[in-house]
Amino acid sequence: MDIEAKLRSEAGDVRGLRMEARLLDAEGAVSARHEQSLSFTARESRATATLKLPSAHLWQGTDDPYLYRLSIRILDSSGRIVDSVEQAFGIRQMQFDAKRGFVLNGKPYRLRGVGYHQDREDKGWAITTADVEQDVATMREMGVNSIRLTHYQHGQAIHDLADRYGLVLWDEIPLVSAWTLGDAKEATPDLIANARQQLSELIRQNEHHASVASWGIANEVDFGNSLPAFLTSFTGAPPDPLPLLKALNRAAKALDPSRPTALATCCEGRLFAPGVEVPITAPEADLGGANRYFGWYYGKPHEVGSSLDALHAQRPAQALSVTEYGAGGATTIHTDNVLGGPVDSRGRAQPEEYQSYVHEQNWAQLAARPYLWATWLWVGFDFASTVRSEGDAQDINTKGLVSFDHKLRKDAYYFYKANWSEQATVHITGRHYTDRAYAVTDVRVYSNTPSTQLFLNGKSLGTLASCKQHVCVWQNVRLVAGTNVLTAHGSIQGTTVKDRVEWRLSPARARTVRIDSGALVAAKSAIGLYGSDNFFEGGEAGSIVEPANFGKPATPISIAGTSDSAVVATYREGNFHYRIPLENGRYRVKLTFVEPSVAGNARRFSVLANNRVAIDDFDLGNASRAAKTAVVRSFSVAVAGGLLDLHFKPITGQAIVSAIDVVR
């Protein structure tokens, strides 16, 4: 171990002193030692020493985060300690392999974790060490072995805790998205100097922490001309980030040649509208990091896999990580079917269940790609973020797996706990969705126990074993009117783990099915409580409403012929079925149709109920006389086999429906 001690003497003339360097093991015994005399006349000087350790106990991440103590003491001629410095010291080797991923002490070690913002609801940034310790405990319980410290320098507390618990860190400076103002094409000298200073301080403050793996020099500076208007506005070609990145990369290597630089990108390889151009920035750092929100801001959740494969193929020699992925989740907003309609990633329709769906789908792809040296989901905790009116919050980014007060854990938290932690986990999802819309529902349980048994009101619904991704699903569970108590039991090595939730089903909803077609989250109704789109097979969801954007709410719309414009503004169209589970009996079916824009004779279809024609050759355009006008048709039907199959069958164009009411 090569040691450099920086020395300062107010007297300016130092003689007859000794510097003692000792490496102490976890029990305090001396593992290595070196002494040398000191003599210098300048006010400041440096002394170097070398410690040789024949056999080292390595720092092995969360498996064995072994720490020595490095002690440097200045002694006078009588052995009195003049000054001393002591710090934790871990001995390890970190490598980043483009094929094998992260390698710790010669063995592949997959990094999985979260991005971490240090604010919280009641304190902002005025947090204490105890707050940080609490956050680390929450993350460790979930099973993380790495943390991305975003998007600025974090304090010593998190670094000390990471050393102690074996958490591998990505450190970075706050060069985020924009680095010029107005139409300026280059960063100002002051900004460049500031960025270099922050990078220097970041490295000098944290270079001795065993947990620190890389130095992040920027985040998402590759928007190009797709940069959101709320961040900046410019005309013509956007500024080029490459000169600044090259300068910071050189500066980091000069300060600490032992660690690689890293960079998080947003946009390379994404499908943009015509005319959007983004710079390729990833080669300006040693390590690649991709922020990719498939299933949230763009694309389907499973498409993240092929996107990463394309990036990996583009630069097969550069180690690649996923630095952000995820979705917003509001614990007071819920859906009965995550595929029922489009998510409103910049608006209010952000149900907790959809967040879990995105993480389940994303993680299936990420876990299957061993070339990724790390993955960090976005984000550990909800955090403050202006211009957002999203989910059930204002000026809050709700992508956290834990709420802004750092107390309430969302369902997705337990998905990762079941997959990442060795601690026995059994968690029934939907615990915050207490008042249910439908009598029949699937029950999902995150469980890493070998087998899991589910009970409803004391009656067993069966046992499931070896559930894929530790997600166990009991399908078509029928609830009763009133209170429904669900309990799930799992056992590991003789220890039983249980979870319990209570759901309520009102008598009205027990005998009625009201479906807000095409809606991920059911709109509020003037006549009854609707559930989100569910029980469908086929078709595509659509909406007449213009979606929300950052700081701009969705545009409401008035539809003639109804007092439920918000409900009937969404729709399902195509050739599709609704297969609705019902108790046998006689029902009245009311269907509401709204023509979004097409003129008469362009849309004709029939509706079949259990293979019998209920509405024949329906011409919606002629029936409504004008677009955006509600038309209602009703009929009676007998259900004998526990299922009502409504088939919306096109004749010309696409069949369509906006709301379905089925009453006993």
Side-chain angles (χ1 to χ4, degrees), residues 113-128 130-144 147-152 154 158 174 176-177 219-220 230 264 291 293 295-297 323-335 343-360 362-363 375-417 420 427 429-433 446 521 548 550-551 553:
V114 303
Y116 177 53
H117 271 299
Q118 64 183 14
D119 65 331
R120 58 173 60 202
E121 184 178 57
D122 56 341
K123 296 182 177 180
W125 275 27
I127 58 171
T128 66
D131 295 329
V132 178
E133 290 176 344
Q134 182 188 75
D135 290 346
V136 169
T138 299
M139 290 184 277
R140 291 181 63 231
E141 182 182 337
M142 193 172 76
V144 308
I147 303 173
R148 181 182 173 214
L149 296 180
T150 51
H151 289 303
Y152 40 79
H154 289 241
I158 188 73
V176 182
S177 300
N219 176 75
E220 293 188 346
F230 76 88
N291 298 349
Y293 288 96
W296 188 244
Y297 292 125
T323 34
E324 293 180 23
Y325 68 97
T331 58
T332 63
I333 299 174
H334 300 283
T335 184
V343 70
D344 193 356
S345 62
R346 293 183 171 90
R348 294 300 184 186
Q350 298 185 0
E352 182 180 15
E353 292 79 9
Y354 190 83
Q355 180 187 49
S356 298
Y357 164 71
V358 168
H359 280 287
E360 291 174 20
N362 279 186
W363 180 245
T375 57
W376 293 278
L377 64 87
W378 191 255
V379 60
F381 303 86
D382 288 350
F383 63 95
S385 180
T386 55
V387 310
R388 292 182 185 269
S389 301
E390 299 178 8
D392 55 3
Q394 181 61 42
D395 295 326
I396 301 296
N397 189 316
T398 60
K399 295 185 187 71
L401 301 192
V402 183
S403 59
F404 193 28
D405 63 3
H406 293 212
K407 296 178 181 178
L408 189 151
R409 300 173 181 186
K410 304 177 189 180
D411 283 338
Y413 174 95
Y414 293 94
F415 167 72
Y416 286 106
K417 184 178 179 181
W420 291 355
H427 175 83
T429 70
R431 67 200 319 102
H432 306 123
Y433 182 12
Y446 296 142
V521 177
F550 286 121

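For the pair H427 and D411, the minimum side-chain heavy-atom distance is below 4.5 Å. H432 places a side-chain heavy atom less than 4.5 Å from the side chain of L408. Using a 4.5 Å cut-off on side-chain heavy atoms (C-beta onward), Q118 and I158 make no contact. Side-chain contact between E353 and H334 is present, with at least one heavy-atom pair separated by less than 4.5 Å. By the 4.5 Å heavy-atom criterion applied to side chains, H154 and I147 are not counted as neighbours. Contact annotation: the side chain of Y413 never approaches that of H359 to less than 4.5 Å [non-hydrogen atoms, C-beta and beyond].
Taking CG from N291 and OH from Y297, the interatomic distance works out to 11.0 Å, rounded to the nearest 0.5 Å. In this structure, CZ in F381 is found 10.5 Å from CG in D405, a value given to the nearest 0.5 Å. To the nearest 0.5 angstrom, D395 atom CG is 7.5 Å from S385 atom OG. A distance of 11.5 Å separates CZ of R388 from CD of Q394, quoted to the nearest 0.5 Å. One finds the NZ atom of K417 at 3.5 Å from the CD atom of E141 (value rounded to the nearest 0.5 Å).
A 6.0 Å sphere centred on NZ of K407 holds no more than 12 heavy atoms belonging to other residues, nucleotides or ligands.
A side chain to side chain donor-acceptor pair (under 3.5 Å) with K410 is found for one member of D382, T331, T398, T429 and no other, namely D382. Of the listed residues (W363, F415, Y416, Y414), just one forms a ring-ring contact (aromatic ring centres under 6.0 Å, His included) with Y446, and that residue is F415.
Counting only distance, with no hydrogens or angles, the side chain of N362 and the backbone of Y325 share no donor-acceptor pair below 3.5 Å. With hydrogens and angles disregarded, no donor-acceptor distance shorter than 3.5 Å links the side chain of R120 to the backbone of I127. E352 contributes no side-chain N or O that, together with a main-chain N or O of G430, makes up a donor-acceptor pair within less than 3.5 Å. Formation of a donor-acceptor pair under 3.5 Å by the Q355 side chain with backbone atoms of A327 is found in this model.
Scanning all heavy atoms of the two residues, the minimum distance from A412 to L401 falls at CB-CD2, 3.7 Å. The two atoms that bring Y116 and L149 nearest to each other are CD2-CD2, 4.1 Å, heavy atoms only. The two atoms that bring V358 and G295 nearest to each other are CG2-O, 3.8 Å, heavy atoms only. Between A330 and G391, the shortest heavy-atom contact is CB-CA, 4.1 Å. In this structure, T323 and A264 approach most closely via the heavy-atom pair OG1-CB, 3.6 Å. The nearest pair of heavy atoms linking M142 to W420 is O-CB, 3.5 Å.
The aromatic rings of W125 and Y152 sit tilted relative to each other, their planes meeting at an angle between 30° and 60°.
In this view, F383 and H117, W378 satisfy the ring pair (Phe, Tyr, Trp, His ring centres under 6.0 Å) rule, not counting sequence neighbours.
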* To do: Please step through side-chain contact (heavy atoms from CB on, under 4.5 Å) for the pair E220 and E324, ending with a clear verdict.
  => CA-CA 11 Å; E220 293 188 346; E324 293 180 23; 4.2 Å; yes
* To do: Report the C-alpha separation of T138 and D135 in whole Å, then their side-chain angles, then the decisive distance to 0.1 Å, and conclude whether the side chain to side chain donor-acceptor pair (under 3.5 Å) test is met.
  => CA-CA 5 Å; T138 299; D135 290 346; 5.3 Å; no
* To do: Mind running side chain to side chain donor-acceptor pair (under 3.5 Å) on D392 and T332 for me, showing each step along the way?
  => CA-CA 7 Å; D392 55 3; T332 63; 2.7 Å; yes
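If you look at H406 and F404, their ring centroids are not closer than 6.0 Å.
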